[in-house]
Every structure is written in C-alpha cells, then in structure tokens.
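The block underneath contains the structure these notes are about, expressed in structure tokens.
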Amino acid sequence: MELGKDIRVGAGSANTLDALEVLGHKYQKEETSMSELRYPNESQEYRDARDSLLKDEQELIDKVKSVAARRRSLPRGGELKEDYVFQWANDGKVGKSVKFSDLFGDKNTLLLYSWMFGPSWDKPCLSCTSLIDGFDRSWYQVTRDAAFVAIAKAPPERIYAWAKERGWSQMALVSGAKSPFQADYKCQGENGDMQLPVMLTFTKRDGKIFHFWSTETTMNHVDTVWPYWNLMDFTPEGRPDYDTPPQKFRSKFLEEHYPD
C-alpha cells in the first residue's frame with residue numbers, strides 16, 4: 001500500500017494528522033485481517049496473540065482520545081482566586097518576583113506542575129524529579145502552544161540548586177514559598193511541607209484567568225506523560241515492583257513522612 005495512492009496529504013494541509021490517522025487505521029485493519037506472519041521466525045501462535053492484543057491497544061488509544069475530548073469540553077472552571085506572586089528559580093533571575101498572570105507570556109494556556117519539594121525537605125520527591133527530567137527536554141516543544149511551568153514550595157535558591165544538579169536547562173521553575181497558591185489549589189496537606197503532586201491547567205479568557213483542569217488522583221496522576229513507566233510497559237518484565245523510578249539519591253523527608 002502506497003501513501004500517495006490512498007490519501008493525498010499536502011505539506012501545508014491542516015488535516016495532515018487526521019489523514020495519517022485514517023491511514024494508520026486502514027493499515028492496521030489490513031494487517032490484522034490477514035493475520036499473516038510479520039517478523040522473522042515468529043510462530044502463528046505468537047501472531048494470533050499479538051493481533052488480538054493489537055485490538056486492545058487500539059481501544060486504549062481510542063479511549064485516551066475520547067477522555068481528552070471530554071476534558072476539552074468541560075465547562076469553564078472558577079476564576080483564579082488572586083494574581084499570586086511567586087519567585088523565579090531559573091538561572092539569572094533566582095528570587096525575582098513574578099505574578100501568576102505573567103507566567104502565561106504570550107500564550108492563552110498555562111500548564112503548571114506542582115511538584116513535591118517542601119521547605120524542610122533534604123531532597124525532593126524521586127518521582128517528581130523523574131517527571132521533570134522528561135519535562136525539561138520537551139519544554140521547548142510544549143511551549144510552542146502553551147506556557148509550561150513547574151512550581152515547588154521550597155525556596156527558590158534550593159530549587160535552582162537542584163535544577164543545576166539535575167541538568168535542567170529549559171523548564172521554567174518558580175517557588176511558591178511565600179504564596180498561598182498551593183494551599184488554595186489542593187497541592188498540599190496541612191502545611192507547606194506536606195506536598196502533593198498535581199498537574200494544573202489554567203486558561204485566559206476575556207482578560208481573566210480561569211482554572212480549566214487539574215489531576216485529582218494521587219496515584220498515576222500523570223501516568224500517560226511519564227516516560228519511565230510507559231517504556232517499561234513495553235518490556236517482557238513490565239513495570240518493576242517498586243513505588244518510584246530508580247534514582248541515585250534518597251529523600252529522607254519523603255521516607256519519614258510519606259511511608260506509604
């Protein structure tokens with residue numbers, strides 16, 4: 001099957017992705033309907049099982065897209081409680097104040113990841129660190145369409161020091177050490193040290209800022225964008241039987257205060 005004979009896709013076409021998706025479905029349908037051996041030395045038993053799994057995988061993809069569509073159709077959330085003031089934690093502007101509204105830059109959408117690194121923590125959360133390791137390398141792509149910032153409750157100097165240690169060079173980082181934002185938007189427990197990981201989205205409409213969506217589960221809350229666990233799902237062994245991704249550091253605060 002040749003692309004040009006089935007679907008004509010112009011370089012500047014707005015429907016390029018939709019066209020390729022249709023093509024992909026058609027290709028998969030042809031492949032699974034034939035149930036022919038695909039790779040060297042595989043058995044018919046393997047091919048039949050793989051074709052059956054392929055159907056489940058496509059259903060999962062379709063479900064993810066369906067949930068995303070429902071998310072996009074949510075009614076308008078509440079207006080931002082106040083124009084919170086944070087402190088930058090990036091090189092060259094550590095400690096400088098920045099208003100919440102300024103985090104948008106020239107975008108109408110803001111992705112804000114609140115990660116677990118409190119004022120009294122010796123080291124931040126291992127899992128949050130794993131996530132931002134990935135976010136940092138994709139930040140330049142995401143920010144073509146939306147602003148993307150990570151916030152922690154630790155002082156800006158400590159966030160900056162950790163970013164340097166991890167090699168984060170792109171991700172916009174702020175401290176909410178002097179702000180009630182994380183308490184107001186359910187990113188912490190009874191105090192600033194009892195942090196919770198939350199991904200939040202805000203949108204600008206008619207000159208005002210509104211809450212659009214946030215993760216409201218504590219386990220696997222951003223699983224679909226987590227490279228480590230998803231890549232391990234492709235292996236025969238599957239996800240390792242431990243709670244956090246492997247790291248070369250420990251967080252004593254996390255171990256003592258979050259035993260589960």
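The chain is numbered in sequence order, starting from 1. Scope of the values below: all heavy atoms of this structure, side chains included, with no hydrogens, waters or symmetry mates. Predicted, not measured: the structure shown is a model, and the values here were computed from it.
Aromatic ring pairs are classed by plane angle as parallel below 30°, tilted from 30° to 60° and perpendicular above 60°; the pair Tyr185 and Tyr84 is perpendicular. Using a 30° and 60° split on the angle between ring planes, Trp168 and Trp115 fall in the perpendicular class, above 60°.
Other residues, nucleotides and ligands contribute more than 12 heavy atoms inside 6.0 Å of the CZ atom of Arg71.
The residues Lys81 and Asp184 are annotated as salt-bridged, a charged nitrogen and a carboxylate oxygen being separated by less than 4.0 angstrom. With salt bridges taken as basic N to acidic carboxylate O contacts below 4.0 Å, one links Arg50 and Glu57. Using a cutoff of 4.0 Å between basic side-chain nitrogens and carboxylate oxygens, Asp193 and Lys153 are not scored as salt-bridged. With salt bridges taken as basic N to acidic carboxylate O contacts below 4.0 Å, one links Asp233 and Arg239. Using a 4.0 Å cut-off between charged side-chain N and carboxylate O, Asp51 and Lys55 make no salt bridge.
Ring centroids of Phe202 and Phe100 are separated by less than 6.0 Å, placing the two rings close together. Two rings, from Trp226 and Tyr113, have their centers 6.0 Å or more apart.
At least one side-chain heavy atom of Pro197 sits under 4.5 Å from a side-chain heavy atom of His221.
For the residue pair Tyr228 / Asp133, no side-chain donor-acceptor distance below 3.5 Å is found, with atom types taken as modelled.
With hydrogens and angles disregarded, no donor-acceptor distance shorter than 3.5 Å links the side chain of Asp56 to the backbone of Glu59.
By the 6.0 Å and 45° rule, Arg76 stacks over the aromatic ring of Phe210.
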